[in-house]
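Quick notes on the structure that follows.
These figures come from a predicted structure and were not determined experimentally.
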Amino acid sequence: MLLHPVFVVIYGVAWYEFSQFCQYGGKQKRLWFLIACMVFFLCYLTFYVYAVIAKPQFLQRYRKDTVVEDNKVGKKIFHIVAIAVLIVCTAYFGNRVYRSAVHFNGKLSWFLNDLEKKRYVKLESDNFYENGIDGLLEDLDKKVTLPDKLYLSNNFSLQFDEEGKITSLSTFLYGKDDSGKTKSFLIDYNSKDSKDMIVYLDGYVKPSYSEDKLLSPLQKTIKAITLSKIKNDFKGTKGAILYFGTRSFGFNTDKIVYVDKKGNLKDATKANNELKGYFVSIYDPEEESGPMTKRYELVDRINQVEAELPVDRSNTSQEKYEVYDGECYVTKQVGYRLCAVDAAAGTRFYSLAKTSDGGQTWSFINESPFGKDGGAATGVMFVDEKIGFIGLSNATKADAKLYRTEDGGKTFKEVTYPAVKTTEAKNPFDFPNIPTKEDEKLVMRVGQGTDGDYHGGSKAVFESIDNGKSFHYVKEQQQ
């Protein structure tokens, strides 16, 4: 029965479909077929048990009726072939299933990873006006034990609607548990998708345990401002909170508000020293730089915060305009530069500057070419005075984005390129480098970032014949 042609064929097909299911998923396409195969094997096993144990004489009669029984040589050959097929199917497809379960090579590995590290936490304290930041942290602590001292890996972003109901949350936190081991928590919530917060435990993080990235100043600042004050400011309007930890705004006092522990508020009017501290931005997400935008800093003595002695800036070069990441000249006189105008613990925010006199003077032509995104610029390249490219990676340089302009840098759009399908990894190439002009084509090499190890960190090569409007895949290139 084990070597029956029907069983061998269904066994091989079932293994193939199971390996494909583990590699690529596909509930609708393969799950019902696999269930049918399992039912067949169960029925087959039941029949075997009945034939061997309950009715042995039935099995003897079955053996006499088989065609192969009359030809012993043919029977042996067929059995050898059938055994070989079973062994090959088990070994080959079993290895494919194993490979799909490790190193994120397939759907099964993601499923197992989610099973181990993904948690769903119901957001019961979903009204920001009533519970603030502490409410959602208490909800998290019920399901996943949070360390007493939490740090930000990136930022803390939260949005709420007109009634104060939290609509979205995104942050990556880490800290040490009671045994001193680093624990991380990637938290994501969208009220449109689910009532639960999705928490990924123990993801990759580079723990610095820098005081600049503490989460607690956010909680203290929100308490000092008071939820009633925020509710009054955003009455009938959506609101959002953005917190990076320590940030520097240079000497720019625009929208800076000091708040003390008693809730007293004072607009910043002058900057004797660099404005650097735990700033909490509260704004209308539909009008991010509008009049409602405020950047709050919690201080001890609100009346003395601007009375400190000024620093000597006579020898400084106004760093926020002089620090740049990438420069490109299209002629001897015309050039472009990405200037870092703001920074927060490894994350920079940029403006695009242009010179028309060979670098003697520069002027900003785009205050925020990357929109609201910050990170580390990967470079700038202009084909001519109209078409150009700029790049930005996240703070960890795990992935990056490329942007293109057709109007000399006034506006930019993200560059898209086809995903590279591989059998071993799910599109590992996610770090586009600035294109270079080679002959009459633009060549873009897309790497894997700091988290990529596919084929030793190889790159995918793309080419464009229309000045970057579209790119097509050419080949994979080793380092």
Side-chain angles (χ1 to χ4, degrees), residues 1-118 418-429 452-456 458 460 473 475-476:
M1 289 183 65
L2 185 64
L3 303 179
H4 194 282
V6 174
F7 178 85
V8 173
V9 171
I10 295 180
Y11 182 83
V13 173
W15 257 120
Y16 170 77
E17 290 295 330
F18 182 60
S19 68
Q20 292 291 99
F21 181 72
C22 293
Q23 181 71 40
Y24 304 109
K27 294 181 180 179
Q28 295 181 350
K29 293 182 179 179
R30 298 186 175 91
L31 186 58
W32 290 111
F33 178 80
L34 290 173
I35 292 175
C37 290
M38 294 301 297
V39 172
F40 168 79
F41 292 136
L42 182 61
C43 293
Y44 208 73
L45 177 63
T46 303
F47 177 76
Y48 176 79
V49 172
Y50 173 80
V52 174
I53 300 177
K55 299 288 184 178
Q57 64 275 18
F58 174 81
L59 184 61
Q60 293 176 3
R61 187 165 59 252
Y62 167 78
R63 286 174 176 170
K64 292 180 180 179
D65 292 340
T66 56
V67 177
V68 184
E69 184 70 23
D70 297 333
N71 189 341
K72 293 184 178 180
V73 176
K75 176 182 176 181
K76 289 182 179 180
I77 294 175
F78 174 78
H79 283 180
I80 292 173
V81 173
I83 291 172
V85 170
L86 293 176
I87 293 174
V88 170
C89 285
T90 303
Y92 177 74
F93 292 115
N95 179 62
R96 290 192 61 180
V97 170
Y98 168 76
R99 289 176 63 84
S100 71
V102 297
H103 304 307
F104 298 103
N105 286 330
K107 194 77 174 180
L108 180 58
S109 62
W110 290 99
F111 172 78
L112 295 175
N113 182 72
D114 287 351
L115 192 64
E116 178 187 4
K117 297 183 177 181
K118 190 175 183 179
V420 179
K421 297 181 180 180
T422 68
T423 58
E424 301 177 32
K426 184 179 179 181
N427 190 25
F429 306 106
D453 59 359
Y454 175 72
H455 285 184
S458 61
Y473 175 68
K475 62 180 180 179
E476 181 179 337

Could you tell me the separation between the CD1 atom of Ile35 and the CG atom of Leu42, rounded to the nearest 0.5 Å? 13.0 Å
Side-chain touch Phe429/Ser458, heavy atoms, less than 4.5 angstrom: yes
Between Ser100 and Tyr24, do the side chains contain an N or O donor and an N or O acceptor separated by less than 3.5 Å? no
Output the distance between atom NZ (Lys117) and atom CG (Asp114), rounded to the nearest 0.5 Å. 10.5 Å
With Ser109 via side-chain contact (heavy atoms from CB on, under 4.5 Å) - residues at least two apart: Phe104
Summary of salt bridge (Lys or Arg N to Asp or Glu O under 4.0 Å) pairs that have at least one residue in residues 1-23, sequence neighbours excluded: Glu17-Arg30
Is the number of heavy atoms from other residues, nucleotides or ligands within 6.0 Å of NZ (Lys118) greater than 12? yes
Residue set satisfying side-chain contact (heavy atoms from CB on, under 4.5 Å) with Ile10, at least two apart, ordered chain then number -> Val6, Cys37, Phe40, Phe41
Measure the spacing between OH of Tyr16 and CZ of Phe33 and express it to the nearest 0.5 Å. 11.0 Å
Shortest non-hydrogen contact between Leu3 and Phe78, atoms and distance: O-CE2, 3.0 Å
Determine the minimum heavy-atom distance between Ala101 and Leu112, stating which atoms define it. CB-CD1, 3.8 Å
Please verify the inter-ring angle class for Trp15 with Tyr11; under 30° counts as parallel, over 60° as perpendicular, anything in between as tilted. perpendicular
Under a 3.5 Å cutoff, is there a donor and acceptor pairing between the side chains of Arg96 and Gln20? yes
Name the residue from Val85, Val81, Ile83 that meets the side-chain contact (heavy atoms from CB on, under 4.5 Å) definition with Val8. Val85
